[in-house]
Amino acid sequence: MTDPLMPRRWELHPVPRDEDYKTSVTRAPDLPLLSMESTPAEETGPRFGHSLIGPLDNNLILNFTGEAAIGERIRLHGRVLDETGRPVPETLVEIWQANAGGRYRHVKDTYFAPLDPNFGGCGRTLTDAEGRYEFMTIRPGAYPWPNRANDWRPMHVHFSVFGHAFGQRLITQMYFEGDPLIERCPIVHTIRDRGQIERLVAPLDMQNARGMDYLAYRFDIVLRGRRQSMFENRPEGM
Amino acid sequence: MVKRLALLEETPSQTAGPYVHIGCIPSFAGVDGVYPEDLGLSPIREGARGEAITITGSVIDGTGWTLRDAMLESWQADATGRYPGQEGADPNVTGFCRFAAAADSGEFTLHTVKPGRVALRDGRLQAPHVSLWIVGRGINTGLQTRIYFEDEDNSADPLLSRIEQRPRAATLIARRTAPGHYRFDIRLQGEGETVFLDL
């Protein structure tokens, strides 16, 4: 038997429906979620091994063609922990992003900023035994998007993290310290808790930057934890 | 002063956006060559034990429009109710699959084996089910739900039994359209809204 997950604290997350993020209005459930203690389906989850990961998978500068992508070279790094503060080792972290001009390599992105022939825009890695991960990439450009008449996404990198349980699954976005578009972004502001927004803004980390090579940004991620008690795992009422 | 609990707070979710495929199913986005193949192409391998089934469906918004940019993930037990990694689990069931609503029709398809019953901590058996996680543009936190099966005995399932408005339980039950084939549509809001879960 596995330990139950701590219930998700919804006040730490975005509201599902926000008039300023127009697509959410027709896609957010109207009715309350059905809450219950986690079951084996949420307490177990897919595990991925090192054999999955290629040597350039976490290097978005080189992993598309082998030639360097255009843009400001950056290193993104951090740790994946759970709510109890324990590191989450050997878990898959995937990222995707626009190129330096704010254009995604996606059949549906029609923004007229050009594609970079050497930038695919995705990367993945496994955390190490202490939950650490890192990527080399270029700083993504800001870009306009169809929402209100003149909305722009701040520079951001999408993160997908598995944890060790399907109920820990998380997709989020990382922003860059100092970007004035963060304050103006309706997607950012679907999160009502100021402190929670700030946790998505990665600080410049000069100590981990390398002179004449790359800047660094630090982004730590916290997943749901597990409740541990010796009173678990016995029939109801005993 | 009360001592503060020494717990960290979960990182907030943000929408996966319309280009989630680049990171999760790159070949669907037209990004080829970074990885040998997309992750989670199938939850089963050759030789998986149990009844082979196909589930098709779509994700529908509050206006009745079918989403073309949703991505789904499924997670399930093997035919005997064991999750991958658990002792005795079928080595040919990886349990995890990623699939997208098709760019033209919005239909998704999941080929798998029907999972077995899984017990809760207190010993109560759950009816066979596949867990789903749905992300996409306009979905600010991934939505959890489950696929149960019309031709199984769902009457004592602990989760389905907790749904107060009994007709809503039907939103979690896939309809059998032919032997081994099921239909499961997900309605994000409005009439027939799917029951979404907080587990």
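Only a predicted model underlies this, so the values are computations on that prediction, with no experimental measurement involved. Letters go in sequence order (proteins before strands), and every chain restarts at 1.
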Would you mind reporting whether A:S35 and B:L197 have side-chain heavy atoms less than 4.5 Å apart? no
Just by modelled atom types, is the A:G45 backbone N or O under 3.5 Å from a matching donor or acceptor in the B:Y83 side chain? no
Do B:Y35 and A:C122 have side chains that get closer than 4.5 Å, going by heavy atoms? yes
Is any NZ, NE, NH1 or NH2 atom of the basic residue among A:R9 and B:E9 found under 4.0 Å from an Asp or Glu carboxylate oxygen of the other? yes
Check: A:T172 side chain, B:P12 main-chain N or O, donor-acceptor pair, under 3.5 Å: yes
Quick check: do A:H158 and B:Y19 have side-chain heavy atoms less than 4.5 Å from each other? no
Any donor-acceptor pair under 3.5 Å linking the side chain of A:R47 with the backbone of B:P84? no
Any non-hydrogen side-chain atom of A:Q173 less than 4.5 Å from a side-chain atom of B:T15? yes
At a heavy-atom separation under 4.5 Å, does B:A70 approach chain A through its side chain, its backbone, both, or neither? neither
Side-chain heavy atoms of B:R121 within contact of A:S38, under 4.5 Å: yes
Considering non-hydrogen atoms only, spot the tightest contact between A:R27 and B:D61 and give its length. CG-CB, 4.2 Å
Indicate yes or no for a side-chain donor-acceptor contact from A:Q196 to the backbone of B:E10 under 3.5 Å, with no hydrogens or angles considered. yes
Is it true that A:F162 and B:F96 have ring centroids separated by less than 6.0 Å? yes
B:Q14 to A:P14 - nearest heavy-atom pair and separation: NE2-CG, 4.2 Å
Test item: side-chain donor near acceptor, A:W10 and B:T141, under 3.5 Å: no
Looking at side-chain heavy atoms only, is the closest gap between A:R199 and B:T11 below 4.5 Å? yes
B:R146 and A:L34, any side-chain heavy atoms less than 4.5 Å apart: no
A:V15 backbone acceptor or donor facing B:N140 side chain under 3.5 Å: yes
Kindly indicate whether the side chain of A:L81, heavy atoms from C-beta on, has any atom under 4.5 Å from the side chain of B:L8. yes
We want to know whether B:S13 and A:R8 form a side-chain donor-acceptor pair, criterion being a heavy-atom distance below 3.5 angstrom. no
Engaged part of B:L159 at the chain A interface, taking heavy atoms whose separation is under 4.5 Å: both
